[in-house]
Amino acid sequence: QVQLVESGGGLVQAGGSLKLSCAASGRAFSNDAMGWFRQAPGKEREFVAAIDWSGGIIDYPDSVKGRFTISRDNTKNTMYLQMNSLKPEDTAVYYCAAGPRMSIRPWSYAYWGQGNQVTVSS
């Protein structure tokens, strides 16, 4: 059974940091692109970061560029999202995803984690 499991979310004050992890199991994802998305209540799922299979190509939207860093360790079948200088508007459920192509569009990804809450207080 293929699974992606996020961890590392929680409550943090504005300006603080959190690091999310996405552990994959069931098969190797070393040839897949992976990404992070988030969804706040009443809003659509939003692209946060994406990384290609090698880690050599990375993409972020302007809203998180310079504050968030995506990375992956294919030996551990795990992806990470380091989030610094967090703002209240970063509050959302964060999802990791994996798929054959790197994309900012959620429907490009075949596998999804269950989601992990990140809450940033002001």
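Note: hydrogens, waters and symmetry copies are ignored here, and every other heavy atom, side chains too, is used.
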> Which heavy atom of C96 sits nearest a heavy atom of M79, and at what distance?
Replying inline: CB-CE, 3.6 Å
> Hey, mind stepping through D32 and R101 against salt bridge (Lys or Arg N to Asp or Glu O under 4.0 Å) and telling me if it holds?
Replying inline: CA-CA 7 Å; D32 290 77; R101 293 183 305 279; over 6 Å; no
>> If you compare all heavy atoms of A92 against all heavy atoms of A40, which two are closest, and at what distance to 0.1 Å?
In response: CB-N, 3.9 Å
>> Could you work out, with ring pair (Phe, Tyr, Trp, His ring centres under 6.0 Å) as the rule, every residue matching Y60, not counting sequence neighbours?
In response: none
> Once the angle between the rings of Y95 and W112 is folded into 0 to 90°, is it parallel (under 30°), tilted (30 to 60°) or perpendicular (over 60°)?
Replying inline: perpendicular
>> As a quick check of understanding, evaluate side chain to side chain contact (heavy atoms under 4.5 Å, CB included) for M34 and R72, giving each step before the final call.
In response: CA-CA 9 Å; M34 299 188 77; R72 65 189 296 167; 3.6 Å; yes
> Under 3.5 Å, side chain of N74 to main-chain N/O of W53, donor-acceptor pair present?
Replying inline: yes
> Can you list the steps and then say if M83 with D90 is a side chain to side chain contact (heavy atoms under 4.5 Å, CB included)?
Replying inline: CA-CA 10 Å; M83 304 184 293; D90 294 318; over 6 Å; no
> Is a side-chain donor or acceptor of E6 paired with a backbone partner of Q114 at a separation under 3.5 angstrom?
Replying inline: yes
> From E44 CD over to E46 CD, what is the distance, rounded to the nearest 0.5 angstrom?
Replying inline: 10.0 Å
>> Before you tell me yes or no, could you show the steps for S71 and Q82 under side chain to side chain contact (heavy atoms under 4.5 Å, CB included), namely the whole-Å CA-CA distance, both residues' side-chain angles and the distance that decides it to 0.1 Å?
In response: CA-CA 8 Å; S71 62; Q82 176 67 47; over 6 Å; no
>> Is there a path of hydrophobic side-chain contacts, each under 4.5 Å between heavy atoms, that joins L81 and I58?
In response: yes
> So, for V2 and R27, which heavy atoms are closest and what is the spacing to 0.1 Å?
Replying inline: CG2-CG, 4.1 Å
> For atom NZ of K43, is the number of surrounding heavy atoms from other residues, nucleotides or ligands below 6.0 Å larger than 12?
Replying inline: no
>> Tell me whether D73 contacts the main-chain N or O of T78 through its side chain, where contact means a donor paired with an acceptor under 3.5 Å.
In response: no
>> I'd like to know if the side chain of Y109 and the backbone of S103 have a donor-acceptor N/O pair within less than 3.5 Å.
In response: yes
> Are side-chain N/O atoms of E89 and T91 paired as donor and acceptor at under 3.5 Å?
Replying inline: no
>> Is there a path of hydrophobic side-chain contacts, each under 4.5 Å between heavy atoms, that joins F29 and F37?
In response: no
> Can you find a heavy atom in the side chain of V93 that is under 4.5 Å from one in the side chain of R38?
Replying inline: no
> Would a hydrophobic clustering, with Ile, Leu, Val, Met, Phe, Trp and Tyr connected at side-chain separations under 4.5 Å, put V48 with I51?
Replying inline: yes
>> As a quick check of understanding, evaluate side chain to side chain contact (heavy atoms under 4.5 Å, CB included) for W36 and F68, giving each step before the final call.
In response: CA-CA 11 Å; W36 289 97; F68 290 11; over 6 Å; no
Identify all side-chain donor-acceptor contacts of residues 8-26 below 3.5 Å with residues at least two apart in sequence or on another chain.
unit_1, atom_1, unit_2, atom_2, d
S17, OG, N84, OD1, 2.9

> Cluster question for you: counting only ILVMFWY and a side-chain heavy-atom cut-off of under 4.5 Å, with indirect links fine, are Y111 and F47 together?
Replying inline: no
> Would you call K87 and V120 a side-chain contact if the rule is heavy atoms closer than 4.5 Å?
Replying inline: no
> Under the salt bridge (Lys or Arg N to Asp or Glu O under 4.0 Å) criterion, do K65 and D59 qualify, and how do the steps go?
Replying inline: CA-CA 9 Å; K65 197 172 292 182; D59 192 19; 5.4 Å; no
